[in-house]
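Chain letters run A, B, ... following the sequence lines, proteins first and then strands; every chain starts at 1.
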Number of protein chains: 4
Amino acid sequence: MIAVLKHGASPERTEHLINWLKEQNLGVHVSQGESHTVLGLIGDTANVDMEMIQSLDIVETVTRVSDPFKAVNRKFHPDDSVIRVGETAIGGGHFALIAGPCSVENEAQITYVANRVKQAGANFLRGGAFKPRTSPYDFQGLGAEGIRLLLEAKKATGLPIVTELMDIRNIDLFEEVDVIQVGARNTQNFDMLKELGKTRKPILLKRGLAGTIKELLMSAEYIMANGNENVILCERGIRTYESTYTRNTLDLSAIPVLKNLTHLPVVVDPSHGTGHTYLVEPMALAAAAAGADGLMIEVHNDPTHALCDGAQSQTPDEFDVTARKIFRIREAMQG
Amino acid sequence: MIAVLKHGASPERTEHLINWLKEQNLGVHVSQGESHTVLGLIGDTANVDMEMIQSLDIVETVTRVSDPFKAVNRKFHPDDSVIRVGETAIGGGHFALIAGPCSVENEAQITYVANRVKQAGANFLRGGAFKPRTSPYDFQGLGAEGIRLLLEAKKATGLPIVTELMDIRNIDLFEEVDVIQVGARNTQNFDMLKELGKTRKPILLKRGLAGTIKELLMSAEYIMANGNENVILCERGIRTYESTYTRNTLDLSAIPVLKNLTHLPVVVDPSHGTGHTYLVEPMALAAAAAGADGLMIEVHNDPTHALCDGAQSQTPDEFDVTARKIFRIREAMQG
Amino acid sequence: MIAVLKHGASPERTEHLINWLKEQNLGVHVSQGESHTVLGLIGDTANVDMEMIQSLDIVETVTRVSDPFKAVNRKFHPDDSVIRVGETAIGGGHFALIAGPCSVENEAQITYVANRVKQAGANFLRGGAFKPRTSPYDFQGLGAEGIRLLLEAKKATGLPIVTELMDIRNIDLFEEVDVIQVGARNTQNFDMLKELGKTRKPILLKRGLAGTIKELLMSAEYIMANGNENVILCERGIRTYESTYTRNTLDLSAIPVLKNLTHLPVVVDPSHGTGHTYLVEPMALAAAAAGADGLMIEVHNDPTHALCDGAQSQTPDEFDVTARKIFRIREAMQG
Amino acid sequence: MIAVLKHGASPERTEHLINWLKEQNLGVHVSQGESHTVLGLIGDTANVDMEMIQSLDIVETVTRVSDPFKAVNRKFHPDDSVIRVGETAIGGGHFALIAGPCSVENEAQITYVANRVKQAGANFLRGGAFKPRTSPYDFQGLGAEGIRLLLEAKKATGLPIVTELMDIRNIDLFEEVDVIQVGARNTQNFDMLKELGKTRKPILLKRGLAGTIKELLMSAEYIMANGNENVILCERGIRTYESTYTRNTLDLSAIPVLKNLTHLPVVVDPSHGTGHTYLVEPMALAAAAAGADGLMIEVHNDPTHALCDGAQSQTPDEFDVTARKIFRIREAMQG
């Protein structure tokens with residue numbers, strides 16, 4: 001970390017600051033320029049509160065040279081992490097095709113969809129049991145019953161399941177769930193992240209509604225710092241001023257940016273990321289071409305009757321076509 | 001709600017849609033135009049999922065004529081809500097001046113600040129016991145001990161206290177807390193909102209980091225729909241592309257917009273809203289002039305040593321001046 | 001267009017509004033619902049000022065059923081437009097690979113780069129002669145001399161050239177330029193657009209810095225409404241809150257959205273769209289996979305000495321690799 | 001400017017960079033830390049292209065210590081600039097109340113409104129002759145005739161006039177105009193700014209649609225660097241994700257931020273900034289309380305028939321009330 005002091009900072013105050021920094025167990029390298037004094041801080045600066053130092057009236061600017069994240073940082077872990085889930089895996093060349101309905105509705109629906117997406121090449125089944133809805137009057141999901149139905153579909157197809165946890169008090173219901181999803185509204189629910197860090201479950205962590213890349217990594221850091229290394233990051237569209245033709249703006253540049261910064265796998269959700277069925281396929285292909293480690297796609301047997309988010313679901317037939325194209329793009333990239 | 005069907009929608013599919021809508025207990029008024037059929041939906045449309053209807057391929061557009069929020073809606077409750085807190089109140093002309101440190105650090109600090117802000121005219125004490133921090137390595141607050149210290153300061157000064165709940169499992173610790181704050185990262189933590197709806201505590205609900213006004217109202221609706229009418233809304237700055245000179249963009253137009261839409265009181269947090277001490281006073285005065293029902297201002301006896309957010313805290317002396325100016329603006333507005 | 005009147009709108013005022021609308025040469029279909037009166041407007045509603053109608057105090061909401069753009073609208077021109085440029089073309093299956101340096105610096109540079117990108121498969125040469133720079137103290141481009149050098153490079157390679165016009169007073173200098181670029185800061189320079197509409201030159205119109213898709217289409221409409229049908233749209237990244245790791249957020253969903261709304265070709269600029277060399281290739285491949293009609297990529301023989309935007313330029317060797325991958329992705333999509 | 005080199009940067013490349021920097025007439029102060037080499041650059045760093053240096057692969061980060069703007073910088077001009085316009089002035093305690101219709105429509109309209117706003121206390125008349133409209137089919141203003149009518153109104157009332165220039169080729173028509181407005185779509189029309197820099201006319205420069213504060217200052221710098229010191233900055237709302245209840249988000253924190261960074265006066269346009277009449281008064285009062293040097297408010301004799309932007313205009317009667325309250329707030333602030 002580099003702190004540039006203001007022109008004219010008094011020697012007493014400068015001395016005082018240096019001593020305070022040393023008390024935080026930091027090495028301080030002072031370099032006296034013509035107009036500015038520059039302090040180089042050495043040691044575990046991830047613990048240093050930049051904003052606090054910035055607030056001091058003798059400080060002009062503070063710049064982090066090192067990243068504030070450690071466990072997730074590729075610098076300290078150059079190889080891709082491979083997250084094992086039963087006999088499948090995500091990351092390090094293992095591609096996850098996660099598909100299924102927004103909400104679990106009944107056994108016939110979830111089993112039918114599970115079979116169809118498996119045939120198309122999906123290796124994970126997704127489905128919502130607990131649903132975060134903006135309105136208290138909208139359908140809130142089947143809850144525990146939804147999880148039971150997902151486990152039935154898993155038994156029938158062998159597909160590992162991915163489903164969202166909204167309230168940490170329900171964690172016991174997720175014992176047989178393969179991958180626990182943390183939704184975009186809980187990306188910075190720090191107490192939940194700490195608790196999930198104490199499990200060894202793979203966690204699919206969605207980027208916040210308007211979350212920065214750094215915030216996503218810091219939230220993954222919360223999980224890893226508590227002991228759980230099985231974190232999968234998920235880009236799902238960010239909030240921008242453009243909302244007439246897309247619900248969110250899918251930020252595909254987040255894929256190469258994240259893969260440069262961290263060893264964790266990165267999957268993309270083009271269904272929530274765009275909010276419209278006709279955009280799911282082109283954005284899925286684009287994500288694959290940009291190097292995503294996986295895709296999460298909503299598939300519903302009857303999208304116009306889906307209890308939520310029908311507008312963005314593909315039919316099983318549409319998903320067949322999209323899956324084939326995804327595999328073709330992945331081949332072209334390796335070829 | 002008005003649904004415009006696409007030019008060329010078949011009579012069978014139109015009929016099918018109308019029947020489905022009637023099954024949802026809605027009255028349907030059909031008007032056949034030259035190029036488009038328009039359906040007017042009558043009844044409790046707050047329960048209708050607009051996006052689902054929008055997703056149907058025979059539907060061109062859907063427009064809500066009525067608002068999706070009911071309990072918070074000023075149309076059904078024209079008078080300002082007045083939230084009583086002990087002997088003070090917020091809303092309907094009662095102005096709340098809430099002040100105190102970002103984090104509670106120790107008894108001397110919190111009692112000193114409490115006394116100083118009371119003398120300056122504050123009628124609520126704020127202070128963080130549980131702190132939401134982006135990094136797992138930053139100070140996370142004193143927790144239960146922090147609440148104990150706040151209650152000591154309350155005893156010493158008589159000021160009711162406002163402090164943030166981050167994990168619903170800690171609700172029992174908040175029994176003597178006067179106003180429970182829901183932070184910007186939990187605005188859409190729906191399970192927490194439902195639980196707080198079952199209490200009768202005044203809830204200070206912050207707008208999400210990049211939350212819309214509608215989302216803020218829907219989150220308040222979650223609390224009210226569960227039975228708790230004591231909700232105070234708080235504008236605290238939104239995330240925009242401008243982040244060089246301000247941490248967030250304080251959206252003061254939210255004050256008159258909210259006061260037009262809802263009967264609930266609206267307070268403003270210019271400290272988090274801007275992130276810089278020198279901006280707190282002008283934005284506090286602006287908020288008062290725009291008609292806010294209250295202000296929440298960070299005051300710290302020694303901002304440069306605050307364990308968090310020091311860059312945005314005022315000293316007690318600065319707060320004295322700001323408070324005097326706030327009262328003068330309020331007078332000018334009534335005069 | 002559908003206007004919903006407020007509950008309780010008086011018959012006189014309603015009558016008055018209907019007459020006014022008829023004076024604008026609109027057919028008005030009135031449908032009287034139980035709680036609301038709905039007016040359906042028929043005719044050339046592209047000329048109707050929605051905001052003006054929305055402002056009337058008897059109006060609850062106004063919704064456009066038809067689009068405000070006509071000439072660019074795919075509904076009235078279902079086939080892809082093919083823009084011919086000499087012996088090449090863009091759109092309708094013709095892919096444009098546009099490459100070259102941010103700024104033209106001297107003859108050796110531009111000719112060298114032109115030859116290299118041609119060998120790699122580019123079919124257009126780009127290069128800046130007039131440069132829009134945020135600071136008046138930054139390099140502003142070679143101007144007329146830059147255009148002369150581009151024409152030399154065209155002579156040497158046969159590649160048609162694309163370069164930016166910043167001031168309509170310089171239009172005469174662009175007589176031999178093949179494609180005139182309108183930069184992101186001039187997307188809504190309406191007087192320039194009108195003037196360019198009077199030429200027959202192909203125009204490469206960039207999306208505004210924080211421009212909506214609708215605004216981009218309306219700006220293209222300005223050009224077409226003045227008689228010039230040769231418009232190419234260009235996505236170049238939008239301004240969002242995320243600016244730590246990318247300069248802009250490249251909105252690749254704009255490709256399928258635009259191709260659904262308009263018949264005009266859509267190209268993507270991953271260099272300005274991301275601001276970092278290491279992101280150019282993955283975003284270029286993603287854009288191709290999402291269905292772009294072309295790509296515009298900065299290539300510089302010595303990026304670390306480029307007079308502007310060096311941070312986002314590829315070397316000719318890097319471009320060789322990227323171009324090969326782009327063609328492979330395009331093949332996979334057709335296969 | 002401080003450049004931190006990457007750990008492991010070779011001595012040869014470091015030497016090469018230092019020499020290159022010295023060739024740019026910069027002093028270079030090298031300080032060798034344990035893990036990083038830090039270069040402090042001294043001299044006229046406003047001319048240095050940060051992004052170019054950032055792009056070098058041996059550079060970790062570059063931080064500006066000094067601002068990129070000079071002429072507009074308060075550090076070099078601590079006193080407020082006072083812009084004289086005939087017998088009135090803006091800045092340094094002189095408050096500008098600028099009012100008038102969005103568009104000039106006819107002589108009766110503009111003269112009536114001019115008289116009414118003068119009586120209410122306005123000291124400038126605004127009115128649009130050339131109108132930037134998103135659609136080529138919307139009313140584009142009366143042009144030269146509009147300016148003639150404004151000059152008539154000026155003769156009748158003595159109020160200096162403010163009106164927008166959209167095309168630099170029309171500059172001759174603005175000879176008798178008192179203040180030339182540069183609209184939000186032209187804030188970065190650099191050729192226009194240079195040309196206006198050669199005049200001595202007061203320029204009211206609006207912040208871009210989604211412009212940063214730094215960009216606004218750099219655009220003002222373009223005008224001042226070309227010799228014209230009469231620049232007035234105008235906050236007019238920025239584009240954010242919130243667009244349901246307000247057209248733009250009025251960024252009032254820009255007032256104290258700008259007044260800290262520059263000596264130029266800052267006015268606020270609450271009409272375009274919000275897009276709704278009912279928000280104009282509270283935002284005008286808030287802007288005054290935040291320390292604005294002036295306000296620009298749309299007033300129309302018959303808002304529901306305005307040819308543009310009627311939804312945000314006040315009537316003369318409404319403006320009477322608002323003006324009185326503005327003066328009362330200004331008094332309270334001095335009191």
Toward chain C: residues of residues 206-213 of chain D with heavy atoms under 4.5 Å | D:L209, D:A210, D:G211, D:T212

Can you check side chain to side chain contact (heavy atoms under 4.5 Å, CB included) on C:Y222 and D:R133, steps first, answer last?
-> CA-CA 10 Å; C:Y222 259 99; D:R133 305 304 304 274; 4.1 Å; yes

D:R239 with C:E215: basic N within carboxylate O range, under 4.0 Å = yes

Distance, nearest 0.5 Å, that separates NZ of C:K131 from CZ of D:F190 = 11.5 Å

The interface call for D:K214 against chain C, heavy-atom contacts under 4.5 Å, is neither

Chain C heavy atoms under 4.5 Å from D:L217: which part of the residue, side chain, backbone, both or neither?
-> neither

Which of C:N189, C:T240, C:N186 touches chain D most, by non-hydrogen pairs under 4.5 Å | C:N189

Considering all heavy atoms, the nearest C:A225-D:Y137 contact | CB-OH, 3.9 Å

For D:D191 against C:R169, the heavy-atom pair lying closest together | O-NH2, 4.3 Å

Highest number of heavy-atom pairs under 4.5 Å with chain C: which of D:N170, D:D167, D:T134?
-> D:T134

